[in-house]
Visitor: 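Pasting in a structure now, in structure tokens, and then I'll have a few things to ask.
The figures that follow rest on heavy atoms only: side chains count, while hydrogens, waters and symmetry mates do not. Note that the structure is a prediction, hence the values are computed from the model and not measured.
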Amino acid sequence: MKIANNNHYMLNTDTELLSQLLINLEENGINSFQKLDQKLHELEISSFNDLLNYASGPNCDSQVAIMLEEIVDRIRLADSDRNSIFTSSMEVGIYLANKLAGHKQEEFWALYLDNGNHIIAEKKIFQGTLDRSIAHPREIFRWAVIYSCSGIFIAHNHPSGKLLPSNNDFKLTNELKKAADFMKIDLLDHFIVGKGHYLSMKENELF
């Protein structure tokens, strides 16, 4: 079994990124909105463009600069109508890690995509302890047929935060892959998420 020990698979979620920024601000004595407002006035920052110009300048700490640029990029990409086009496993992993952050019970989800990689629908297949008899392929692919999707992402969370796939995870993924191949629907990835992180089974070559 090959698990990549690389931060690409443990990329910061939105919550984690904002938390890191707040921690950095507190370390620099900014622990209230009033002090933040004072600092912004001091730096003459009144827009996102000003913020990015500051982040790219010589007076901004490099770690803060990276966080600021990433936060502004994510704000610009945010879409409350969920019409985003996913272009990488990283984007999907972040989305799912945020979606299932803080969930105390194990949940199994399927995301159904069209040919343009837009999400057609999201379905929570079950909630509770993962069991192959519960997360049966027929339930997952029944919705795939209803939505006439071309691809599926599946995901479940480990509330413990441990992302190592279990034997059931491997068996279920293999069953779903066989069913997807038979139906000529792409099983794009199986994500395991927990406590703000994610593991892509596809990118780790686990199926």
Side-chain angles (χ1 to χ4, degrees), residues 3-22 48 66-128 130 135 139-141 143-144 146-165 169 172-173 176-177 180 185-207:
I3 300 288
N5 183 17
N6 186 310
N7 284 335
H8 176 79
Y9 306 110
M10 306 289 277
L11 201 73
N12 291 332
T13 61
D14 293 347
T15 301
E16 205 171 23
L17 190 61
L18 291 171
S19 295
Q20 287 182 4
L21 181 60
L22 290 174
F48 282 129
I66 293 171
M67 284 190 289
L68 289 175
E69 290 175 357
E70 182 66 21
I71 287 170
V72 172
D73 281 345
R74 293 191 192 184
I75 290 172
R76 286 172 171 168
L77 289 171
D79 188 345
S80 59
D81 294 327
R82 202 192 59 195
N83 287 325
S84 299
I85 300 176
F86 288 128
T87 59
S88 69
S89 288
M90 179 187 73
E91 291 180 1
V92 183
I94 290 173
Y95 173 76
L96 290 167
N98 282 316
K99 182 181 183 66
L100 297 177
H103 290 213
K104 302 302 182 184
Q105 284 187 291
E106 196 163 340
E107 299 178 9
F108 189 95
W109 284 76
L111 276 61
Y112 301 94
L113 281 72
D114 63 15
N115 286 322
N117 288 333
H118 292 91
I119 295 180
I120 303 169
E122 302 176 16
K123 289 291 180 183
K124 181 165 69 173
I125 305 301
F126 82 95
Q127 179 174 307
L130 181 59
E139 181 65 14
I140 296 165
F141 287 97
W143 290 104
I146 290 172
Y147 292 118
S148 299
C149 75
S150 63
I152 302 174
F153 286 108
I154 58 172
H156 75 281
N157 62 317
H158 286 178
S160 67
K162 297 179 180 178
L163 303 184
L164 191 68
D169 294 339
L172 176 60
T173 304
L176 293 175
K177 182 65 169 65
I185 296 173
D186 290 330
L187 179 61
L188 300 168
D189 210 333
H190 183 176
F191 291 95
I192 300 173
V193 302
K195 294 191 176 180
H197 300 303
Y198 74 89
L199 171 83
S200 161
M201 291 186 70
K202 183 73 170 181
E203 291 206 358
N204 279 280
E205 300 177 6
L206 299 180
F207 75 92

Visitor: Please report the closest heavy-atom contact between Cys149 and Tyr112, naming both atoms and the distance.
Guide: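 Residues Cys149 and Tyr112, closest heavy atoms: SG-CD2, 3.8 Å.
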Visitor: Do Asp189 and Phe207 come within less than 4.5 Å of each other through their side chains, counting heavy atoms only?
Guide: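 Of all side-chain heavy-atom pairs linking Phe207 with Asp189, at least one is under 4.5 Å.
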Visitor: Closest approach of Gln105 and Pro159, non-hydrogen atoms and distance?
Guide: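 Heavy-atom minimum between the residues: C-CG, 3.8 Å.
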Visitor: Check the surroundings of atom NZ in Lys124: do more than 12 heavy atoms from other residues, nucleotides or ligands lie under 6.0 Å from it?
Guide: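 Enclosed.
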Visitor: Measuring from atom CD1 of Ile185 to atom CD1 of Ile140, what distance do you get when rounded to the nearest 0.5 angstrom?
Guide: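 Rounded to the nearest 0.5 Å, the CD1-CD1 separation comes out at 11.5 Å.
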Visitor: Using a 4.5 Å cut-off on heavy atoms from C-beta on, say whether the side chain of Lys202 contacts that of Leu188.
Guide: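 In short, these two side chains do not touch, never coming nearer than 4.5 Å.
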Visitor: Which one of His156, Lys123, Glu139 satisfies the side chain to side chain contact (heavy atoms under 4.5 Å, CB included) criterion with Phe108?
Guide: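 Running side chain to side chain contact (heavy atoms under 4.5 Å, CB included) over His156, Lys123, Glu139 with Phe108 returns exactly one hit, His156.
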Visitor: Kindly give the heavy-atom pair with the smallest separation between Ala97 and Tyr198, and that separation in Å.
Guide: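 Of all heavy-atom pairs spanning Ala97 and Tyr198, the closest is CB-CB, 4.5 Å.
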Visitor: Any heavy-atom pair between the side chains of Tyr95 and Ile119 that's under 4.5 Å?
Guide: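 Ile119 vs Tyr95: side chains touch.
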Visitor: Any idea which heavy atoms bring Leu163 and Val193 closest together, and the distance?
Guide: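 That would be CD2-C, 3.7 Å.
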Visitor: Using side-chain heavy atoms (C-beta onward) and a distance below 4.5 Å, is Leu176 in contact with Phe141?
Guide: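 Contact flag for Leu176/Phe141 side chains = yes.
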Visitor: Indicate yes or no: at least one non-hydrogen side-chain atom of Leu113 is less than 4.5 angstrom from one of His118.
Guide: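 They are not in contact (no side-chain heavy atoms under 4.5 Å apart), so the answer is no.
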Visitor: To the nearest 0.5 Å, tell me how far Ser89 OG sits from Leu96 CG.
Guide: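 These two atoms lie 10.5 Å from each other.
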Visitor: So how far is it from Ile152 CD1 to Asp186 CG, rounded to the nearest 0.5 Å?
Guide: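 It is 9.5 Å, given to the nearest 0.5 Å.
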Visitor: Is there a side-chain contact between Leu21 and Leu68, using heavy atoms and a 4.5 Å cut-off?
Guide: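 They are in contact (side-chain heavy atoms under 4.5 Å apart), so the answer is yes.
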Visitor: Apply salt bridge (Lys or Arg N to Asp or Glu O under 4.0 Å) to Lys177 and list each qualifying residue two or more places apart in sequence or on a separate chain.
Guide: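 Salt bridge (Lys or Arg N to Asp or Glu O under 4.0 Å) list for Lys177, sorted by chain: Asp181.
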Visitor: Starting at CD1 of Ile192, measure out to CG of Leu164 and round the result to the nearest 0.5 Å.
Guide: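 Reported value, rounded in 0.5 Å steps: 7.5 Å.
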Visitor: If you measure from CG on Asp114 to OG on Ser148, what distance do you get to the nearest 0.5 Å?
Guide: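 Here the rounded value is 11.0 Å.
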Visitor: Going from CG on Leu199 to NZ on Lys162, what distance comes out if it is rounded to the nearest 0.5 angstrom?
Guide: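 Output value for this atom pair is 15.0 Å.
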Visitor: Let me see the working for Thr173 and Leu206 under side-chain contact (heavy atoms from CB on, under 4.5 Å), right down to the final yes or no.
Guide: CA-CA 9 Å; Thr173 304; Leu206 299 180; over 6 Å; no
